[in-house]
Amino acid sequence: MTHTTINHNTKTSNTMTTDKNLMLNEANIEQYAKTVNTAETDSQYSISDNVNFPFTSFAGKQATRLIEGDCHIKSLVVSKQDWCPFNLIVNGNLTVDEDIDWAEWGSGSFLVVTGNLHVRNLFMSGCPEVVVLGDLIADNGIVGSRGDNGGMLTVLGRTKAQAMLCTTYFGMEFASRPEAFIIADSRDFKFDVDLDETDYDMVAKAIDPVCFPEEEGIIEEDEFKDLLREGKSVLKK
C-alpha cells in the first residue's frame, strides 16, 4: 500500500498517510478530507448508482468530503445521531485498525470506499449507507441495526467476517454470500442465514446470553457489539 504524507496544518488536505492514532470523526474530518462539489463528485464516482438517499438535495447543508488515496487510521466514528454533517468518499483502500461506528437517524449519509475496506468491526445504526466497491474484510463483525428502511450496506466484492447481525429494516446487498456466521431475518436476507433473528428459541440456544439483557432470545445490539469489540465470540460456549 502506497501512502502520501499528511499535512496536519492544512484543513483541506486530501491525502493521508498511515496514522494508527487517528480517530476520525465529525470534529476533525475537515482537517483530513477536502470538501468537493457534490454534483461533480456524483458524476465522477457514480454515487447515485449505489446510494439511495437523495444526497444531492442536501448539498447545501451536508458537505461531501474526499480522501484521495489509500487511508490507514485507528477508527472512524459518527455519533451525531440526528444529522451527520458530511458524507465521505475514500478513493482508495481504507484500513481501520479498530472500528467504524456510524450512527445517524437523520435524512441519511454515506461512506463510499472505491477500493477495499479492512476493519476490526463495522457498526452501522440508523440511516447511513456504506458502499464498498472492492472487498469488505471485518476481523470480528459487521452489524447493521435500526435502519427504518434507510440504512444500507452494499459490497460489490467479497465479504468476510466472524459474525454478522442484520436486523429487520436494515438493508444489506452483497455480490456473493458473505463468509460469516449470519444472523438475520431470513425473509429479507438475500442469502441463506445461519440463524434467523426472529426464531427466538434458536437464538437463545445459540447466542451468548449476555446479548439478552431484557428478554431471552431477543438480541440487544449494544451487548452484541460489546462482545465483538472485545474480540469475543457471540456464540454460546
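At distances below 3.5 Å, at least one donor-acceptor pair connects side-chain atoms of Arg65 with backbone N or O atoms of Ala33. Remark: side-chain polar atoms of Glu26 are paired, donor with acceptor, to backbone N or O of Ser79 under 3.5 angstrom. The main-chain N or O of Glu40 is found under 3.5 Å from a side-chain atom of Asn37 such that the two form a donor-acceptor pair. Side-chain atoms of Asn28 come within 3.5 Å of backbone N or O of Asn25 as a donor-acceptor pair. Judged purely by atom type and a 3.5 angstrom limit, Glu230 has no side-chain atom pairing as donor or acceptor with the backbone of Lys232. Between the side chain of Asp201 and the main chain of Ala204, no donor-acceptor pair closer than 3.5 Å is present.
Distance CZ/Phe189 to CD1/Ile183: 11.0 Å, rounded to 0.5 Å. With rounding to the nearest 0.5 Å, the separation of CD in Glu179 from OG1 in Thr159 is 8.5 Å. Between the CD1 atom of Ile142 and the SG atom of Cys166 there is a distance of 10.5 Å, given to the nearest 0.5 Å. In this structure, the separation between CZ on Phe110 and CD1 on Ile47 is 5.0 Å, given to the nearest 0.5 Å. If you take CG on Asn140 and CE on Met164, they are separated by 13.0 Å, rounding to the nearest 0.5 Å. The structure places OG1 of Thr154 at 7.0 Å from CG of Leu156, a figure rounded to the nearest 0.5 Å.
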| message | side chain to side chain contact (heavy atoms under 4.5 Å, CB included) for Lys74 and Lys20? Distances and angles first, verdict last. | response | CA-CA 5 Å; Lys74 181 177 182 179; Lys20 296 183 180 181; 5.6 Å; no
| Steps toward side chain to side chain donor-acceptor pair (under 3.5 Å) verdict (Glu197, Thr167) | CA-CA 7 Å; Glu197 68 154 342; Thr167 68; 5.3 Å; no
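Each of Asp19, Thr95, Asp97 was scored for a side-chain hydrogen bond (donor to acceptor under 3.5 Å, both in side chains) with His72, with one residue passing: Asp97. Here the rule is side-chain hydrogen bond (donor to acceptor under 3.5 Å, both in side chains) with Ser186, and of Asp196, Asp192, Asp194 only Asp196 fits it.
In the hydrophobic clustering of ILVMFWY residues, with side-chain heavy atoms under 4.5 Å counting as a link, Ile73 and Val77 come out apart. Under the 4.5 Å side-chain heavy-atom criterion for grouping Ile, Leu, Val, Met, Phe, Trp and Tyr, Met23 is not connected to Tyr32 through any hydrophobic cluster. Residues Val143 and Trp105 do not share a hydrophobic cluster, clusters being chains of Ile/Leu/Val/Met/Phe/Trp/Tyr side chains in contact below 4.5 Å. Note: the hydrophobic cluster containing Ile182 also contains Met172 (ILVMFWY, side chain heavy atoms under 4.5 Å, direct or indirect links). Linking ILVMFWY side-chain heavy atoms closer than 4.5 Å, directly or via other members, places Leu235 and Phe212 in a single hydrophobic cluster.
Tyr200 belongs to a hydrophobic cluster whose remaining members, ordered by chain and number, are Ile218; membership requires side-chain heavy atoms of ILVMFWY residues under 4.5 Å apart, directly or through intermediates.
The side-chain heavy atoms of Leu94 and Asp70, taken from C-beta on, include no pair separated by under 4.5 Å. Met152 has its side chain out of reach of Val51: every pair of non-hydrogen atoms, C-beta onward, lies at least 4.5 Å apart. Put simply, the side chain of Ile207 reaches to within 4.5 Å of the side chain of Leu195, judged on heavy atoms. Two residues are said to be in side-chain contact when any heavy atoms from C-beta on lie closer than 4.5 Å; Lys34 and Glu68 fail this criterion. With a 4.5 Å cut-off on side-chain heavy atoms, Phe181 and Val234 do not count as touching. A heavy-atom distance below 4.5 Å is not found between the side chains of Ile89 and Ile67. Here the side chains of Cys211 and Glu220 are not in contact, with every heavy-atom distance at 4.5 Å or above. When side chains are defined from C-beta on, Asn87 counts as touching Gln62, because their heavy atoms get closer than 4.5 Å.
Taking each heavy atom of Val203 and Gly217 in turn, the nearest pair found is CG1-O, 3.4 Å. Heavy atoms only, all atoms of each residue included: Val96 and Ser75 are closest at CG1-CA, 3.5 Å.
When the side chain to side chain contact (heavy atoms under 4.5 Å, CB included) test is applied to Asp208, the partners found at least two apart in sequence or on another chain are Val210, Leu227, Lys237.
Salt-bridge annotation for Arg229 and Asp101: present, with a side-chain N of the basic residue lying under 4.0 Å from a carboxylate O of the acidic one. Using a cutoff of 4.0 Å between basic side-chain nitrogens and carboxylate oxygens, Lys190 and Asp185 are not scored as salt-bridged.
Using the six-membered ring where Trp is involved, Phe174 and Phe191 have ring planes that are tilted, between 30° and 60° apart.
Ring-centre distance between Phe170 and Trp102: not below the 6.0 Å cut-off.
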Scan the side chains in residues 111-139 for donor-acceptor partners under 3.5 Å anywhere in the protein, sequence neighbours excluded, and list what turns up.
unit_1 : atom_1 : unit_2 : atom_2 : d
Thr114 : OG1    : Val90  : O      : 3.4
Thr114 : OG1    : Asn91  : OD1    : 3.0
Thr114 : OG1    : Gly92  : N      : 2.8
Asn116 : OD1    : Asp135 : N      : 2.7
His118 : NE2    : Asp139 : OD1    : 2.9
His118 : NE2    : Asp139 : OD2    : 3.4
Arg120 : NE     : Asp99  : OD1    : 2.9
Arg120 : NH2    : Asp99  : OD1    : 3.4
Arg120 : NH2    : Asp99  : OD2    : 3.0
Asn121 : OD1    : Gly141 : N      : 2.9
Asn121 : ND2    : Asp99  : OD1    : 3.0
Asn121 : ND2    : Leu228 : O      : 3.4
Ser125 : OG     : Ser145 : OG     : 3.4
Glu129 : OE1    : Asn52  : N      : 2.8
Glu129 : OE2    : Asn52  : N      : 3.3
Glu129 : OE2    : Phe53  : N      : 2.9
Asp135 : OD1    : Arg158 : N      : 2.9

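Between the side chains of Thr38 and Thr56, no donor-acceptor pair of N or O atoms lies under 3.5 Å.
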